[in-house]
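Everything numeric in this text was worked out from a predicted model, so none of it was measured. In the text below, chain A, chain B and the rest are named by the order of the sequence lines, each starting its count at 1. Side chains included, hydrogens not; waters and symmetry mates left out as well; all remaining heavy atoms used.
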There are 2 protein chains.
Amino acid sequence: MLMCNPPHPGEILRELCLEPLGISVTAAASGLDVSRKTLSSILNGRAGISPEMAVRLSIAFETSSESWLNQQSQYDLWQAEQRRDSLQVSRLSAA
Amino acid sequence: MLMCNPPHPGEILRELCLEPLGISVTAAASGLDVSRKTLSSILNGRAGISPEMAVRLSIAFETSSESWLNQQSQYDLWQAEQRRDSLQVSRLSAA
DNA sequence: GTATAGTGTAACGTTACGGGTTACAATACA
DNA sequence: TGTATTGTAACCCGTAACGTTACACTATAC
């Protein structure tokens with residue numbers, strides 16, 4: 001399990017892709033062929049990176065789709081782990 | 001990217017957890033504190049493993065939630081990659 | 001001051017999916 | 001024959017990803 005709160009993938013996208021290249025949200029959304037609202041939601045942490053979006057990002061920025069989706073998984077999992085103790089699950093062993 | 005079609009995580013769950021321990025679907029669903037239908041959907045590839053379900057599985061089988069969610073991600077990503085060529089995405093470089 | 005560009009986001013709709021319940025048909029077994 | 005197990009259909013709900021349109025705000029250029 002992860003040690004600490006992973007950043008939302010949207011932050012990484014903004015800081016490592018958009019800002020360094022000086023690309024506007026509008027231009028990036030257009031290049032990715034998604035609406036400006038969809039990209040903005042991701043950048044501001046209001047939506048996650050879907051598998052298809054991961055592939056789009058991998059094409060646009062010549063990266064790996066796996067890295068994008070993994071970041072999202074780690075983020076989602078950390079959220080879920082925060083509620084681990086509230087789950088009523090039994091250890092399952094040989095019947 | 002992955003080389004070949006990864007198995008649905010539900011198959012692994014059945015083959016590596018339920019069958020070896022001789023646990024019925026009904027009993028496992030009960031232990032996981034989800035409905036029998038929910039577990040059955042996963043086992044038969046009709047539903048994915050959600051972040052919360054990954055945590056449940058990690059408790060029930062004393063495994064890592066990360067491994068379960070990663071398997072699901074790899075599976076989902078492979079599906080998305082199959083449609084890579086149909087996406088109208090532009091390479092994004094410095095403005 | 002007045003365009004123009006960029007941004008965030010509210011409001012609305014659609015589609016998909018995880019999850020629940022109930023109920024049914026099929027299988028297997030004591 | 002009765003009981004346990006299983007898959008799944010039919011229905012519900014909540015949420016999330018996506019789209020469009022429209023608005024308010026900022027900044028920059030003229």
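- When atom types are taken as modelled, the side chain of B:Arg56 and the backbone of B:Leu32 share a donor-acceptor pair closer than 3.5 angstrom.
- Set against D:dG7, D:dT6, C:dG8, the side chain of B:Thr26 has D:dT6 as its closest nucleotide.
- The aromatic rings of B:Trp68 and B:Phe61 are tilted relative to each other, their planes meeting at an angle between 30° and 60°.
- The main-chain N or O of A:Leu69 is found under 3.5 Å from a side-chain atom of A:Ser73 such that the two form a donor-acceptor pair.
- In this structure a side-chain-to-backbone donor-acceptor pair under 3.5 Å is present from B:Ser41 to B:Lys37.
- For A:Glu11 and A:Arg14, the salt-bridge test fails: no basic side-chain N is under 4.0 Å from an acidic carboxylate O.
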- [ ] With pairs defined as Watson-Crick or G-U wobble and both distances under 3.5 angstrom, please note down DNA chain D as a dot-bracket string, | for pairing with another strand.
- [x] ||||||||||||||||||||||||||||||

TODO: Using the side-chain contact (heavy atoms from CB on, under 4.5 Å) rule, take B:Glu52 and A:Leu87 through it: C-alpha gap first, then chi angles, then the decisive distance, then the call.
DONE: CA-CA 9 Å; B:Glu52 185 181 297; A:Leu87 301 178; 4.1 Å; yes

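- Considering only side-chain N and O atoms, B:Ser24 lies nowhere under 4.0 angstrom from the phosphate OP1 or OP2 of D:dA4.
- Put simply, the side chain of B:Ser30 never gets that close to the backbone of B:Thr26: no donor and acceptor are under 3.5 Å apart.
- Looking only at distances, a side-chain donor or acceptor of B:His8 sits under 3.5 Å from a matching main-chain atom of B:Ala47.
- When the side-chain nitrogen and oxygen atoms of B:Ser41 are compared with OP1 and OP2 of D:dT8, none of them lie within a distance under 4.0 Å.
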Task: Sugar-phosphate or base contact per nucleotide [nucleotides 11-30 of chain C; S, B, -; heavy atom under 4.0 Å] - done: B------SBBB-B-------

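- The nearest whole Å value for the distance from the CG atom in A:Leu43 to the P atom in C:dG8 is 7 Å.
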